[in-house]
Amino acid sequence: MRRPFVAGNWKMHGTRAQNAQLIEGVLHGVADGSPTEIAVCPPFVYLWEVARLLKASGISVGAQSVSAEAVGAFTGEISASMLKDIGCSYVIVGHSERRALYKEDDALVARKFLAAQTQRLTPILCIGETLEERERGDTLQVVARQLTAVLDLVGVKALATAVIAYEPVWAIGTGKNATPEQAQQVHAQIRAEVAAHDAKIAGGVRLLYGGSVKAANARDIFSMPDVDGGLIGGASLKADEFLKICAAAQVH
Ligand code: PGA
């Protein structure tokens, strides 16, 4: 059985006061022993404080990116060991905004994935096609290429302690979510790719959908057999909306 998982990606939003209010709202509404595992991913500078606020709550903290390097003269970078040190459990790697805006390629994403796991952080590996790639009929090929880059570096067994998020780029922040059927089709393909290497790992790895998930569409998307939860951007910044999405993930 795969435990449903919902992670909030706050992106570059928030202040200390807003974060405290958001966390308070989430903690107020979340049930003890929630069947859905929950994580939030604030900007780097707030990780420490958010981790303290969530201490003993059962809600995990993740970072939005990590350096591929372990330590040294890399101005502006944050290492996996630092994230571990301040209480992170997860880290997003390969988000499409990092790939597109900061030119992170498949090889760098794979190295970041490895750097995270070396410090026992669980990577949330984001993969997904652009609108142009979908319209060309290349969706499955693109997703397979992004996944293979990681598998080639770390091996399939590494997916036993990782999460994969399928995030079609055209659905992120656009209000235009993939239909449940579109998500299921790609998720099934991702699971099949992993199964071609190791069926047991494929059966256990959690596959999140991300891209304009909100309370109103979460249940339909999460009801798909290969969708194990979501990576939530905009809707994770409102406590009530985020809580409804977490509750919708319990359909499994
Ligand atoms: P969105 O973002 O929910 O705002 O579309 C999702 C993401 O980028 O992870």
Side-chain angles (χ1 to χ4, degrees), residues 4-14 18-19 22 26 36-44 46-47 50 59-66 88-104 109 112-113 116 121-131 133-134 139 142-143 146-147 150 162-180 182-183 186-187 190 206-222 224 227-249:
F5 181 38
V6 171
N9 174 11
W10 293 2
K11 308 193 179 182
M12 199 170 73
H13 293 287
Q18 286 168 351
N19 299 344
L22 176 55
V26 171
T36 303
E37 185 184 351
I38 303 170
V40 295
C41 304
F44 284 128
Y46 298 128
L47 284 168
V50 170
I59 299 179
S60 306
V61 176
Q64 299 173 15
S65 186
V66 64
C88 284
S89 332
Y90 288 96
V91 59
I92 297 170
V93 296
H95 190 280
S96 67
E97 285 150 19
R98 303 235 34 109
R99 291 180 190 261
L101 303 173
Y102 301 99
K103 310 288 172 250
E104 294 191 5
V109 172
K112 289 184 171 212
F113 183 106
L121 290 168
T122 302
I124 302 173
L125 170 67
C126 298
I127 56 180
E129 82 288 2
T130 62
L131 183 60
E133 289 163 339
R134 174 162 283 265
T139 297
V142 168
V143 165
Q146 291 171 331
L147 182 60
V150 173
V163 175
I164 299 172
Y166 167 57
E167 298 207 308
V169 179
W170 48 271
I172 295 176
T174 58
K176 196 176 155 211
N177 60 283
T179 64
Q182 283 173 324
V186 181
H187 281 227
I190 294 167
R206 291 182 294 182
L207 306 182
L208 312 184
Y209 167 78
S212 296
V213 177
K214 43 188 187 279
N217 61 22
R219 191 166 293 272
D220 285 348
I221 297 171
F222 296 163
M224 292 287 131
V227 179
D228 305 309
L231 182 56
I232 318 301
S236 72
L237 299 172
K238 294 179 214 120
D240 58 336
E241 186 80 5
F242 187 60
L243 285 165
K244 282 184 193 151
I245 294 169
C246 295

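Ligands are counted one by one from 1 in listed order, and the atoms in each one are counted from 1 as well.
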Using a 3.5 Å distance criterion without hydrogens, assess whether the side chain of [X] forms a donor-acceptor pair with backbone atoms of [Y].
X: E241; Y: A215; value: yes
X: Q64; Y: K11; value: yes
X: D220; Y: N217; value: no

- Query: Is ligand 1 less than 4.0 angstrom away from at least one heavy atom of G210?
  - Reply: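 Flag not set, G210 not near ligand 1.
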
Would G173 count as a contact residue for ligand 1, given that I'm defining contact as a non-hydrogen atom of the residue lying under 4.0 Å from a ligand atom?
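Yes; G173 lies near enough to ligand 1 that a heavy-atom distance drops under 4.0 Å.
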
So for N9 against ligand 1, with non-hydrogen atoms under 4.0 Å, the contacting part is side chain

Mark up the atoms of ligand 1 that fall under 4.0 Å of a heavy atom belonging to [X], in ascending order.
X: S212; value: 1 (P), 3 (O), 5 (O)
X: A171; value: 5 (O)
X: G211; value: 5 (O)

Taking the six-membered ring for Trp, are Y166 and H187 parallel (under 30°), tilted (30 to 60°) or perpendicular (over 60°)?
->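 If you compare the ring of Y166 with that of H187, the planes turn out perpendicular.
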
Item to complete: Ignoring hydrogens and angles, state whether a donor on the side chain of H95 or E167 is under 3.5 Å from an acceptor on the partner side chain.
Response: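 Yes, E167 and H95 have a side-chain donor paired with an acceptor closer than 3.5 Å.
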
Practice prompt. Do me a favour and list the nearest non-hydrogen protein atom to atom 6 (C) of ligand 1 with residue, atom name and distance?
Written response: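 Among all protein heavy atoms, the one nearest atom 6 (C) of ligand 1 is G233 N, 3.5 Å.
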
**Study point:** Sub-3.5 Å N/O-N/O distance, G234 and ligand 1
**Key:**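 There is such a contact, yes.
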
Quiz item: For I232, is at least one N or O under 3.5 Å away from an N or O on ligand 1?
Solution: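 I232 vs ligand 1: no N/O contact under 3.5 Å.
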
Of L121, V66, V150, the one forming a side chain to side chain contact (heavy atoms under 4.5 Å, CB included) with V93 is V66

To atom 2 (O) of ligand 1, the nearest of K11, H95, E167 on a heavy-atom basis is K11

Heavy-atom side-chain proximity of L22 to F242 below 4.5 angstrom |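 When only atoms from C-beta onward are counted, F242 and L22 do not touch, as no gap falls below 4.5 Å.
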
